[in-house]
Amino acid sequence: MNIVIRKDQWINLAIIASALWFIWFASTHFDEYTVRILNNIAIFTILAVSYNLINGVTGQFSLEPNGFVAIGAYVTALLLLDADAKDYQFDIESPYPWVLGLQANFVWALFFAGTFSSLLALTLSFPVFRVRGDYLAIVTLGFGFIIRILAINNPEITNGSLGLNDIPEFSNLYWTGGIAILAVWGILNIVNSKYGRAMKAVRDDEDAAIAMGVNTFKIKTFAFCTSAFLEGVGGGLLAALLTSISPDLFTFFFTFQLLIIIVLGGLGSTTGAVIGTVLVIGGAEWMRFLDEPMNFGLFVTPAMPGMRMVVFSLILIFVMLFAREGIMGKRELKDLFKKGKK
Amino acid sequence: MILELKGVTKKFGGVTAINNTTFTVNSKEIYGLIGPNGAGKTTMFNIITGNYQATDGEVVFRSEKLNGLKPHTIVRKGIARTFQNIRLFKTMSVMDNVLIGFDFQANYTYFESIFRFPRFFGEEKRIRKRAIEILDYFGIAEFAEHKATDLSYGQQRKVEIARALATNPAMLLLDEPAAGMNPAETKELAHLIRTAREDFDLTVLLIEHDMKFVNQLCDKVLVLDYGKTIFEGKPSDAIKDKEVVAAYLGDFAHD
Ligand SMILES: Nc1ncnc2c1ncn2[C@@H]1O[C@H](COP(=O)(O)OP(=O)(O)O)[C@@H](O)[C@H]1O
Ligand SMILES: [Mg+2]
C-alpha cells in the first residue's frame, strides 16, 4: 500500500516538473500569439476545474462563474491600479475616496479577489443550500446578472460601462500556469480526500450521504466557496492579462463557455476539465477562420461573428444527446492506466 | 434499555401513518418491526433517524431526546441505517462507499486535505485499514475496488450493512434486509446479523416480511397494522395471535 502511494507521488512530481519545464520553454521560445493562447488555456483551466467541483463532483447544477470571475477581476484591477491612474480614467463619476485608497501588490490582490468571491459565495450558501440546493442554478444565474448591473450602475467604483483600463500587465505564463498547476493539484487533493468522497456521495444520493453522517450543507458550501475562490483568482489573472475589463466581458456567455468545457471533458472529472479546456480554448483559436469571410471558390460567405459559438453549441448538444459522459466520464487520467494493469 | 419511543404519532396530511406507538428496545436485542405493506414501518425508521419529525410523541436514545435533531447528528450519536431499496453511491467503489461511513470519524480539516498535511495521510491510512477489516468481515474485501453497483444483489446488501457499520453505531436499523434474497442468502444474512451483534456490540432493529427469518432471528417483535400496534412480544407468540393473523390475511398460515 505504502509503495503504491510513493509511486503515485513520484508520477505526480514528474508531471508537475514537466509542466513547469513547459511553462519555462513556452515563455522563452514561443511567439507572443501562442503564449497568449497558453495564458488563456491556463486561466480557463483554473476556472474549469473549480467550476467542475461544484457542478460535476458535487452534482449541484450552478451557473456562477461569470459573477465570481467579474468580482475577482474588478477587485484585482482596483487593487492594482494606483490612485492617479484611477483618478485619470474615471470619466463618468469621480471615484469614492476609499476606491482611490485601494492598493495591493499582485499576490495580495489575487488573494483578496479569491477571498472576496468566496465570502460572497458563503452568504449565498445559507439561503440556497438550506433548501437542498434546487434553486442554485436560478440564484447563481441571477447573481451573475446582478453583478453586471451593479458594475454598470456604480461608476464611482467601477467606472461603469467604460470599465477599467491600463491595468498593470502582471499576468504571464509563470503566474497563470503556476496557479493553474496549484489549482489542479489542490482540487485533485480535495477530490481524493474524505471531502471529495462526501461531495460525490452528495451527488450520487444525498439522503444516503446524510444517513452516513455527512453534513451535506457543509460539504456543498465547501465546494461552492472553493469554486468561488478560484474563480475570483482566475478573474484577477484575467484582468492582469487583458489589462482592461468591462461589464460586457462577464455575461452569461462566459459561463456557457465553461459549461461546454466541463461537459465535453466529462462532468465530474478534474483531468477531463483540463482536457476540455485545451480542446475548447485551443479549438476556438483554430476555428477563428469560421468567423471570417470565407471563399469557397464558387461563392464567398460574408464575415459571421459568433459562428464559432454556433459550432461549440452544436458540439455541446451532440455531447448531451449522444455522449453524455463526455470524454473522460467521471474517471481521472490515472484510472485509465489502472484499467490496463488489471 | 437503549431506545424508547413514547406515544409516537405521524400524520401525512389526512393519513395517520403511525398512531400513538410506544415501545422500548433493550441493549443488544434483535428487535423486529413487522406488519403488512403500508403499516408505517419505514416511517418509524425515518422518525428515529430524524428524516421525519414526529407529529406527536418522543424518541429517546440512551436517555437523550432525539426529536428535532438533524439526521446527520443522529447518526453521529450511534444510530445507523440501511434502506428498503438499496441505496449505494453508484459511481463509487465498494471501498469508497464504506469510507463514507468514516466521514465524520476521520480527523483532518479541509485545509489539511488540500495541502496534504501529514495528518491527512495518517487518518486516511487509519480509516482505510478499518474499512478493509469491515469488508473482510463481510467476505467482500476482494471487491473493494469494484464499482459498488457492479456487485450481485446479495453482495450489495452486504456493502450497505458494512457502510452502516462503518459509522460505528450502537444501534443498527435494517429495512427489509432479506428482501430479494434467495433462501441460502437469507440464511447467511441471519447468521451474519447474529454474529455481528456480538462482534460489533450492536442492538438491531429490523423490518422484515419473511416470518421465518424473523422467527429465527428476533428476540422480540412489534406488529404494526395501519399505524396501530397490534402485538408486542415473542415472535413465536405473534404467529398464534388472532389479530396478527387477520392483519396478514393468513400470510403466516404456511409457515
Ligand atoms: N413522505 C410521505 N408522504 C406522504 N405519505 C407517506 C410518506 N411516507 C410514507 N407515507 C405513507 O405512510 C404510510 C406508511 O408507509 P411506510 O412507512 O412506507 O409503510 P411500510 O414501510 O410499513 O410498508 C403509507 O400509507 C404511505 O403512503
Ligand atoms: Mg417500508
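First the proteins, then the strands, lettered A, B, ... as listed; each starts at 1.
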ask   = Which one of B/T82, B/L99, B/T73 has the most heavy-atom pairs closer than 4.5 Å to chain A?
value =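 Answer, by heavy-atom pair count under 4.5 Å with chain A: B/L99.
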So, taking the atom named [atom1] in [X] and the one named [atom2] in [Y], what distance separates them when rounded to the nearest 0.5 Å?
X	Y	atom1	atom2	value
B/E124	A/K194	CD	NZ	9.0 Å
B/L88	A/D205	CG	CG	9.0 Å
A/I210	B/N51	CD1	CG	7.0 Å
A/W185	B/F115	CH2	CZ	6.5 Å
B/I114	A/I187	CD1	CD1	8.0 Å
B/R116	A/N192	CZ	CG	6.0 Å

inquiry  = Counting neighbours of NZ on B/K28 that are heavy atoms of other residues, nucleotides or ligands and sit closer than 6.0 Å, is the number greater than 12?
reply    =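 Yes, NZ of B/K28 has more than 12 neighbouring heavy atoms, counting only those of other groups under 6.0 Å.
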Neighbour count >12 (heavy atoms, 6.0 Å) for atom CZ, A/R324 =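 No, because the 6.0 Å sphere around CZ of A/R324 holds 12 heavy atoms or fewer from other groups.
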ask   = For B/K41, which residues count as a side-chain hydrogen bond (donor to acceptor under 3.5 Å, both in side chains) partner, sequence neighbours excluded?
value =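 Result, side-chain hydrogen bond (donor to acceptor under 3.5 Å, both in side chains) vs B/K41: none returned.
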task = Would you tell me whether A/N189 and B/S113 have side-chain atoms, one donor and one acceptor, within less than 3.5 Å of each other?
result = no
task = Answer yes if the side chains of A/S193 and B/Y110 hold a donor-acceptor pair under 3.5 Å, and no otherwise.
result =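 The criterion, which ignores hydrogens and geometry beyond distance, is not satisfied for B/Y110 and A/S193.
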task = Using a strict cut-off of less than 4.0 Å between a Lys/Arg side-chain nitrogen and an Asp/Glu carboxylate oxygen, indicate whether B/R87 and A/D207 qualify as a salt bridge.
result =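 A salt bridge links B/R87 with A/D207.
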query = In terms of heavy-atom proximity below 4.5 Å to chain A, should B/I127 be classed as side chain, backbone, both, or neither?
reply = side chain
query = Using non-hydrogen atoms only, which part of B/Y108 is less than 4.5 Å away from chain A: side chain, backbone, both, or neither?
reply =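 For B/Y108, backbone and side chain are both near chain A.
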key: A/K200 to B/F89 six-membered ring, cation-pi geometry met (6.0 Å, 45°)   =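 No - A/K200 does not lie over the ring of B/F89 by the 6.0 Å and 45° rule.
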task = Show your working on side-chain contact (heavy atoms from CB on, under 4.5 Å) between A/R197 and B/D103 and close with a plain yes or no.
result = CA-CA 8 Å; A/R197 285 194 296 266; B/D103 185 73; 5.9 Å; no
